[in-house]
Structure formats: structure tokens, C-alpha cells
Amino acid sequence: MRVRVRTRIPAEARDRLAEIAAGEGLSLRSYLARLADSLLTPAERAERAERARAVLREWNGYDPGVDEQAGLDAELDRRLAESAAP
């Protein structure tokens with residue numbers, strides 16, 4: 001089933017995406033379709049994370065609690081921000 005959606009984005013963003021797509025030999029529509037196929041929805045990310053936790057539990061017994069997960073997420077966010085800073 002094909003759903004047609006019209007989305008308005010700033011011209012600068014559209015033009016940049018079109019330039020990137022052209023550089024890869026794609027139309028903007030094809031580029032956006034490929035991009036959408038490469039990204040995970042929040043539900044897919046949560047499912048993947050749960051599978052990873054299950055593998056860790058089975059492999060070495062590691063099973064972080066909610067608070068530990070939040071702390072690890074915060075540490076990862078901090079490190080990513082630090083590495084991206086000029």
C-alpha cells in the first residue's frame with residue numbers, strides 16, 4: 001500500500017539532500033527511501049536493545065538495572081558530545 005504524504009521542509013535542507021542524492025546517482029525520492037530503510041523506529045531500537053541484553057545475560061550474567069542503564073546512557077551521551085565538540 002502506498003501512502004502519499006506531503007511534507008514541507010526548508011529549501012536549504014531539501015537542496016542539500018538533493019545534492020547528496022545526486023552525488024550518489026539517486027533521485028531525492030530514491031535517496032529518502034533508502035535512508036528510511038536504513039533507520040530504526042523507536043520500537044525496533046528497543047527490541048534490538050532487549051535482544052542485546054538477553055545475549056549479555058546468557059553469555060556472562062550481566063543484567064543492568066534501570067538505574068544502571070540510565071547512568072550508562074548518560075555516560076555515552078557525555079562522551080559522544082565531548083568527542084563532537086570542536
Side-chain angles (χ1 to χ4, degrees):
M1 183 169 120
R2 187 173 181 180
V3 177
R4 194 170 189 117
V5 178
R6 297 251 181 224
T7 303
R8 296 207 183 271
I9 64 171
E12 298 83 17
R14 180 203 60 226
D15 294 346
R16 179 173 170 77
L17 289 169
E19 184 177 345
I20 293 167
E24 296 187 24
L26 298 169
S27 68
L28 179 55
R29 182 186 308 252
S30 295
Y31 179 78
L32 291 174
R34 188 179 75 180
L35 179 63
D37 286 342
S38 72
L39 301 173
L40 299 174
T41 66
E44 291 167 335
R45 283 195 307 276
E47 179 184 339
R48 186 174 285 186
E50 183 50 45
R51 284 195 321 257
R53 283 190 293 273
V55 167
L56 283 171
R57 275 191 305 271
E58 185 177 320
W59 178 58
N60 67 5
Y62 181 66
D63 191 14
V66 173
D67 291 341
E68 186 177 0
Q69 285 179 42
L72 293 168
D73 287 345
E75 177 65 12
L76 179 58
D77 289 343
R78 184 190 67 73
R79 290 181 183 206
L80 288 171
E82 186 178 278
S83 70

>> As a quick check of understanding, evaluate side-chain contact (heavy atoms from CB on, under 4.5 Å) for R16 and E12, giving each step before the final call.
In response: CA-CA 6 Å; R16 179 173 170 77; E12 298 83 17; over 6 Å; no

> Which pair of non-hydrogen atoms, one from N60 and one from L56, has the smallest distance, and what is that distance?
Replying inline: OD1-O, 2.7 Å

>> Count I, L, V, M, F, W, Y as connected when their side-chain heavy atoms are under 4.5 Å apart, and connections chain through other members. Are I20 and L32 then in the same cluster?
In response: yes

>> With a 4.5 Å cut-off on side-chain heavy-atom distances among I, L, V, M, F, W and Y, is there a chain of contacts connecting V66 to L72?
In response: no

>> More than 12 heavy atoms of other residues, nucleotides or ligands under 6.0 Å from CG of D67: yes or no?
In response: no

> Within a radius of less than 6.0 Å around CZ of R48, do more than 12 heavy atoms belonging to other residues, nucleotides or ligands occur?
Replying inline: no

>> Suppose the criterion is salt bridge (Lys or Arg N to Asp or Glu O under 4.0 Å): which pairs have a residue in residues 20-45, not counting sequence neighbours?
In response: E24-R34

> Any idea which heavy atoms bring S27 and A21 closest together, and the distance?
Replying inline: O-CB, 3.7 Å

>> To check you understand the geometry: which heavy-atom pair defines the closest contact between L35 and S38, and what is its length?
In response: O-OG, 2.7 Å

>> Run the side chain to side chain contact (heavy atoms under 4.5 Å, CB included) test against L76 and tell me which residues pass, sequence neighbours left out.
In response: L80

>> Under the criterion salt bridge (charged side-chain N to carboxylate O under 4.0 Å, His left out), I'd like the reasoning laid out for R79 against E82: C-alpha separation, chi angles, the key distance, then a yes or no.
In response: CA-CA 5 Å; R79 290 181 183 206; E82 186 178 278; over 6 Å; no

> Got a second to check how far L17's CG is from R14's CZ, nearest 0.5 Å?
Replying inline: 10.0 Å

